[in-house]
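Working notes, beginning with the structure itself.
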Amino acid sequence: MITRMKKLTFLIYHKDYESFLDRIRELGVIHIQERQAGEMNDDLQQSLSQHNQYKDLLKEMSFQFKDKADEQVYTDMSASELIDKYNDLVAQVQSLNQRIPAVDKEISEMNIWGEFSWKDIQKLREAGYCIQFYNCTEREYQQEWESLCDIVQITKAAGHVYFVTISKEPVTLDVEPVSMPSLSLSELQQKRASLAEEQASVKAELQEFCRKYSKTLEHYDQYLQGDIDLIKVRLDGEPQAEGAVMLMEGWIPVDCEQNVRSALDESSVYYEIRDSVKGDNPPIKLKNNWFVKMYEVLTGMYGMPEYTEFDPTFLIAPFFSIFFAFCVGDAGYGLALIALGFFLKKKLPSMRGMMNLVISLGIFTTVIGAIFGTFFGFELVKQEFIPQGIRDLMFTGKIAGTSFDKQMLLALVIGIIHISVALLIKALVSTVRFGFKNSLSEWGWFIVVVGFVTTGTLMFLNVIPKNVSMWAFVIIGGVGAIGIYLLNDLHRNVFVNIGAGLWGTYNMATGLMGDTLSYIRLYALGLAGAMLGNVFNILAGMAGDAAGGGIIGWIVFGLIFVFGHTLNIGMSCLSAFVHPLRLNFVEYFKNSGYDGTGISYSPFTTVENKNK
């Protein structure tokens with residue numbers, strides 16, 4: 001549900017403005033209404049730029065280590081020192097990444113000439129000998145060069161001749177001398193090993209630095225966000241009476257009113273607290289029980305409701321859970337999700353809320369999977385050790401006398417219920433926001449859709465005779481048509497209303513058919529997961545038999561079984577998250593008229609209060 005909000009209006013003497021901001025920041029419950037959205041000053045621009053720098057750096061640091069980040073916040077260096085240290089380590093790594101390939105190139109060049117000492121070469125040069133290194137193709141090599149000086153051929157490779165000239169006087173050949181590395185082959189190899197060792201050391205230092213200080217930088221970023229909020233609030237104050245006082249507006253949850261009044265009564269600030277009126281746009285704070293609260297993250301992914309709308313989370317929670325369980329459709333996978341949720345909940349306390357959601361979805365999946373008779377790809381309905389009475393309760397097989405699967409029909413029934421609930425919510429929200437007289441079209445569509453579906457179902461089940469159902473269709477259609485075609489807008493001409501009603505009928509008829517068929521994906525995904533799980537069971541069994549049975553066979557069977565079902569669980573859960581989310585965001589929200597354009601409640605507070 002949506003928490004009721006009350007509007008606050010302040011008038012603050014300009015000299016008390018800064019101290020007043022500190023006081024309301026300590027309260028931590030007032031959502032300041034932005035009055036000058038888009039205004040920017042130098043401080044705010046610089047802080048936002050720094051905030052983006054922190055965010056980018058945090059993302060880079062997260063890629064540098066694989067272990068869990070250190071949860072402690074260190075104060076041995078400031079944010080700027082931390083960034084400088086990180087950049088210095090990265091620069092060292094990049095430098096080494098460039099130097100090592102350069103040394104590798106020199107080693108490759110010296111491998112041709114082999115191992116020798118440059119000191120010996122230098123002694124020969126000091127003794128008056130001219131020594132030069134050459135490389136040319138075999139075609140370019142000339143035998144008469146050997147009459148000009150002493151030539152030592154080192155090697156021939158890939159059609160090239162590598163040789164050294166030794167002479168008392170400099171000689172000129174038709175090829176240019178080779179530029180040689182300044183170190184010998186062994187010295188280059190030692191240098192390369194030293195650089196590689198230094199590279200590994202710096203990389204390890206960088207990884208440890210990122211693991212240790214990523215939480216610290218995140219802490220600095222939170223404080224910077226607090227400074228940004230403070231600057232924004234300063235901008236939101238509107239000067240009044242030639243700048244002598246500042247006007248500010250905000251919102252508080254109704255259950256915080258008494259505490260806020262007590263705090264403000266102790267100050268010299270004039271304030272006014274009133275209920276919201278039509279035209280206001282209060283921020284949205286959701287307040288739900290422990291079960292529904294787990295699903296508020298899904299509502300936030302789409303967008304918060306407006307203040308005069310319903311909170312859709314209480315309907316998203318059961319439907320999303322059922323859709324998820326339908327897509328996975330395996331009791332064994334549900335138990336695996338429950339075990340995973342409890343394990344990660346203990347290992348990662350910061351993800352406690354998310355793991356509670358995983359456990360909840362695992363429970364739904366276990367129940368639905370048991371009803372569908374699937375356990376790690378095995379069809380329980382075919383297992384003789386399960387009592388026949390229990391197998392008869394499983395919802396499997398075809399509908400009597402037809403070729404339609406029961407589970408496919410169930411998916412369509414759930415879809416029709418989901419859409420019907422959406423139409424009811426749309427009619428109720430329209431009545432609350434615009435009044436009953438201006439919502440007759442929405443009520444007309446709800447009566448027609450739900451009435452026709454109910455009557456058709458009762459007729460199909462032979463609960464009511466055919467002639468009675470025909471009269472029911474006529475009466476329901478007539479009542480609904482009055483709202484859809486004649487009274488959809490009491491301020492318009494009746495012929496315009498009829499035209500608008502016909503256009504709405506076309507959209508509704510084509511839209512409802514496509515929306516209803518969309519729910520078959522629940523059945524299709526569950527069927528695909530069950531078939532793939534069964535394939536892995538067959539493969540595991542065949543591989544175990546091929547391994548000769550016994551202990552080896554069971555080991556092979558276990559490896560394939562675990563790997564296959566782990567892969568299938570991952571793919572099934574991914575599909576089971578995306579597609580049910582789509583059914584809620586598209587089919588349900590479209591038919592319920594939900595826009596999700598509300599502003600999320602974000603109180604002006606300190607970093608300490610945010611982290612509580």
Side-chain angles (χ1 to χ4, degrees), residues 1-2 278-279 305-312 314-316 319 409 412-519 583-597:
M1 59 179 293
I2 298 175
K278 189 174 182 179
E306 293 185 7
Y307 193 68
T308 53
E309 287 184 317
F310 284 109
D311 173 14
F314 78 101
L315 288 172
I316 289 178
F319 278 110
L409 177 63
L412 290 174
V413 170
I414 292 174
I416 293 171
I417 294 173
H418 198 213
I419 292 175
S420 299
V421 171
L423 294 174
L424 174 61
I425 294 297
K426 184 176 183 179
L428 290 172
V429 171
S430 180
T431 301
V432 171
R433 299 177 70 178
F434 309 113
F436 179 74
K437 291 190 297 183
N438 296 317
S439 307
L440 295 177
S441 177
E442 285 75 15
W443 283 110
W445 279 115
F446 172 73
I447 291 171
V448 168
V449 173
V450 176
F452 278 13
V453 169
T454 304
T455 303
T457 303
L458 294 176
M459 182 181 67
F460 177 77
L461 297 175
N462 295 321
V463 176
I464 58 176
K466 187 175 181 180
N467 60 334
V468 174
S469 63
M470 296 305 297
W471 278 107
F473 282 128
V474 171
I475 294 172
I476 292 170
V479 172
I482 294 174
I484 295 169
Y485 297 105
L486 301 178
L487 304 177
N488 52 53
D489 191 334
L490 299 178
H491 305 290
R492 286 192 310 206
N493 182 284
V494 65
F495 296 104
V496 176
N497 281 349
I498 292 174
L502 290 172
W503 177 248
T505 301
Y506 169 76
N507 291 328
M508 185 65 74
T510 55
L512 283 179
M513 179 62 70
D515 292 343
T516 303
L517 293 177
S518 292
Y519 290 84
L583 292 174
N584 279 283
F585 284 1
V586 178
E587 276 70 21
Y588 172 76
F589 282 166
K590 179 182 70 176
N591 288 292
S592 67
Y594 181 78
D595 292 325
T597 56

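The figures that follow rest on heavy atoms only: side chains count, while hydrogens, waters and symmetry mates do not. Source: prediction; values computed, not measured.
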Handout entry: Inter-residue atom distance E306.CD - D595.CG, 0.5 Å rounding
Key = 6.0 Å

Problem - Worked verdict on W443 versus T431 for side-chain hydrogen bond (donor to acceptor under 3.5 Å, both in side chains) - result: CA-CA 9 Å; W443 283 110; T431 301; 2.8 Å; yes

Practice task
Output yes when a side-chain donor or acceptor of T516 lies under 3.5 Å from a complementary backbone atom of L512, and no otherwise.
Solution key: yes

Completion exercise
In short, L440 meets K437 closest at the heavy-atom pair CG-O, 3.6 Å

Handout entry: Sub-4.5 Å side-chain heavy-atom contact between K590 and D515
Key = yes

Handout entry: Heavy-atom check, side chain of H418 versus side chain of N584, under 4.5 Å
Key = yes

Practice task
Compare every heavy atom of T308 with every heavy atom of V432, then report the nearest pair and how far apart it is.
Solution key: CG1-O, 4.2 Å

Problem - Inter-residue atom distance I425.CD1 - S420.OG, 0.5 Å rounding - result: 12.0 Å

Problem - Interatomic spacing from OG1 in T454 to CD1 in I447 - rounded to 0.5 Å - result: 12.0 Å

Problem - Heavy-atom check, side chain of P305 versus side chain of P312, under 4.5 Å - result: yes

Handout entry: Any donor-acceptor N or O pair under 3.5 Å, side chains T505, Y485
Key = yes

Problem - Option passing side-chain contact (heavy atoms from CB on, under 4.5 Å) with S518 (candidates L583, I419, V586) - result: L583

Exercise for the section: Please round to the nearest 0.5 Å and tell me the distance separating atom OG of S430 and atom CZ of F436. Expected result: 10.5 Å

Problem - Side-chain touch F589/I316, heavy atoms, less than 4.5 angstrom - result: yes

Exercise for the section: Taking T455 for its side chain and F452 for its backbone only, find out whether a donor-acceptor pair lies under 3.5 Å. Expected result: no

Completion exercise
Rounded to the nearest 0.5 Å, the CG atom of L315 sits from the OH atom of Y588 at a distance of 4.5 Å

Exercise for the section: Enter the distance from M459:CE to K466:NZ here, rounded to the nearest 0.5 Å. Expected result: 7.0 Å

Exercise for the section: Taking the side chain as every heavy atom from C-beta outward, state whether F310 and M1 have any atom pair closer than 4.5 Å. Expected result: no

Exercise for the section: Would you check if I417 and F319 make a side-chain contact, meaning some heavy-atom pair closer than 4.5 Å? Expected result: yes

